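This is a predicted model, so every value here is computed, not measured. Along the sequence shown, the residues carry numbers beginning at 1.
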Amino acid sequence: MKIKVLLVDDHCLVTDGIRQLLEREPDLEVVGAVSSPTDLEQKIAQHQPDIIVMDIRFKGKNGLLWAGKISSLFPACKVVILSRSHCLEYMNAAYEAGAYAFVSKQDSVEALIHAIRESHRGVKSFPTHLVFHDRSSLTEMELAILELIAKDKTNIEISEQLNISKRTVEHHVSSILRKLDVKSRAGAVGKAIELGLFG
């Protein structure tokens with residue numbers, strides 16, 4: 001089964017170029033292109049795409065607002081945002097809107113193809129050092145707990161060491177997993193190492 005891709009951009013030359021590049025890939029199929037926001041919902045319903053590659057702005061509209069709307073109306077569709085630049089503010093806004101990936105038009109086509117495939121697998125593709133660009137995304141308590149998790153401490157051991165309840169530890173662990181967009185304690189430690197949160 002090919003990954004069905006819908007392109008959303010009001011520049012026809014851009015859309016045609018991306019279509020040609022994507023269709024060289026044996027596992028990708030461009031099922032349509034949308035140049036106007038008024039046609040978007042109808043085209044999504046018609047083509048049932050797996051992935052929607054959407055310009056961050058089209059026809060003067062904010063693609064990020066549409067990303068959030070699509071996530072709500074068509075939860076099976078995953079949105080990949082295209083932007084002219086690697087703007088931290090836009091990246092964070094895309095992430096918060098529910099997009100699965102952010103790709104700059106300055107990036108290679110391989111970066112876009114990778115983002116499409118990863119999004120289809122349910123994996124978000126964001127430059128993590130930009131989305132979580134400093135330690136402030138985690139509280140001091142969460143950082144302390146994360147460091148103890150990295151030392152293989154159990155929730156009970158963490159609660160005793162930090163003098164807080166086991167329930168409070170569990171709450172913080174859930175918050176850490178959510179903020180780092182991982183599903184396990186091991187995943188959290190791996191992401192923390194990747195982001196340089198320790199030390």
Side-chain angles (χ1 to χ4, degrees), residues 1-128 130-133 137 177-183:
M1 291 289 289
K2 291 190 175 186
I3 301 170
K4 296 188 292 184
V5 180
L6 181 68
L7 304 177
V8 181
D9 196 310
D10 55 2
H11 297 94
C12 291
L13 285 174
V14 172
T15 303
D16 289 345
I18 293 174
R19 180 196 289 267
Q20 289 179 29
L21 292 168
L22 295 185
E23 289 190 334
R24 292 178 184 172
E25 302 300 312
D27 59 332
L28 304 182
E29 177 188 4
V30 177
V31 293
V34 180
S35 60
S36 171
T38 55
D39 299 331
L40 187 53
E41 287 185 51
Q42 176 194 343
K43 292 289 187 181
I44 294 173
Q46 176 186 345
H47 294 295
Q48 298 288 310
D50 301 303
I51 304 294
I52 296 172
V53 177
M54 174 180 291
D55 196 329
I56 200 163
R57 296 196 70 80
F58 66 110
K59 292 291 186 185
K61 302 293 183 181
N62 187 338
L64 297 177
L65 294 177
W66 273 103
K69 191 173 182 180
I70 289 167
S71 298
S72 174
L73 293 176
F74 303 96
C77 299
K78 297 179 174 68
V79 177
V80 173
I81 291 289
L82 275 181
S83 175
R84 290 187 180 87
S85 66
H86 288 102
C87 173
L88 175 61
E89 184 181 347
Y90 286 164
M91 285 186 191
N92 281 319
Y95 187 89
E96 294 296 325
Y100 266 72
F102 185 101
V103 179
S104 168
K105 291 181 179 178
Q106 300 166 20
D107 292 334
S108 65
V109 66
E110 286 77 15
L112 175 58
I113 291 168
H114 176 76
I116 289 171
R117 287 174 176 152
E118 289 295 284
S119 297
H120 186 248
R121 288 176 52 222
V123 177
K124 295 202 172 190
S125 301
F126 282 83
T128 49
L130 291 171
V131 176
F132 301 102
H133 58 287
S137 58
L177 298 185
R178 185 180 71 254
K179 287 182 178 180
L180 296 182
D181 195 30
V182 293
K183 295 180 179 178

When rounded to the nearest 0.5 angstrom, what distance separates [atom1] in [X] from [atom2] in [Y]?
X	Y	atom1	atom2	value
D10	T15	CG	OG1	8.0 Å
H120	K2	NE2	NZ	13.0 Å
K43	T38	NZ	OG1	10.5 Å
I3	R121	CD1	CZ	10.0 Å

Is a side-chain donor or acceptor of H47 paired with a backbone partner of V31 at a separation under 3.5 angstrom? yes
Within the side chain of D107, is there an N or O that forms a donor-acceptor pair under 3.5 Å with the backbone of S104? yes
Search all heavy atoms of [X] against all heavy atoms of [Y] and return the closest pair with its distance.
X	Y	value
R24	Q20	CG-O, 3.3 Å
D181	Y95	CB-OH, 3.1 Å
K124	A99	NZ-O, 3.6 Å
Y100	S119	CB-OG, 3.4 Å

Please set out all donor-acceptor pairs under 3.5 angstrom arising from side-chain atoms of residues 109-117, sequence neighbours excluded.
from: E110; atom 1: OE1; to: S108; atom 2: OG; distance (Å): 3.4
from: R117; atom 1: NE; to: D27; atom 2: OD2; distance (Å): 2.9
from: R117; atom 1: NH2; to: E25; atom 2: OE1; distance (Å): 2.9
from: R117; atom 1: NH2; to: D27; atom 2: OD1; distance (Å): 2.9

Is there a side-chain contact between [X] and [Y], using heavy atoms and a 4.5 Å cut-off?
X	Y	result
R19	L7	yes
W66	V79	no
S83	F102	yes
I44	C77	yes

Partner of I52 by side chain to side chain contact (heavy atoms under 4.5 Å, CB included), out of V34, I81, I70: I70
Could you walk me through whether V103 and V53 pass side-chain contact (heavy atoms from CB on, under 4.5 Å), step by step? CA-CA 10 Å; V103 179; V53 177; over 6 Å; no
Using the test side chain to side chain donor-acceptor pair (under 3.5 Å), find all partners of Q48 that sit at least two apart in sequence or belong to another chain. none
Evaluate the side-chain contact (heavy atoms from CB on, under 4.5 Å) criterion for residues V5 and D50: first the C-alpha distance (whole Å), next the side-chain angles of each, then the deciding distance (0.1 Å), finally the verdict. CA-CA 6 Å; V5 180; D50 301 303; over 6 Å; no
Does the pair D55/K105 count as a salt bridge with the N-to-O cut at 4.0 Å? yes
Take L73 and E41 through the side-chain contact (heavy atoms from CB on, under 4.5 Å) test and state the conclusion after the steps. CA-CA 9 Å; L73 293 176; E41 287 185 51; 3.7 Å; yes
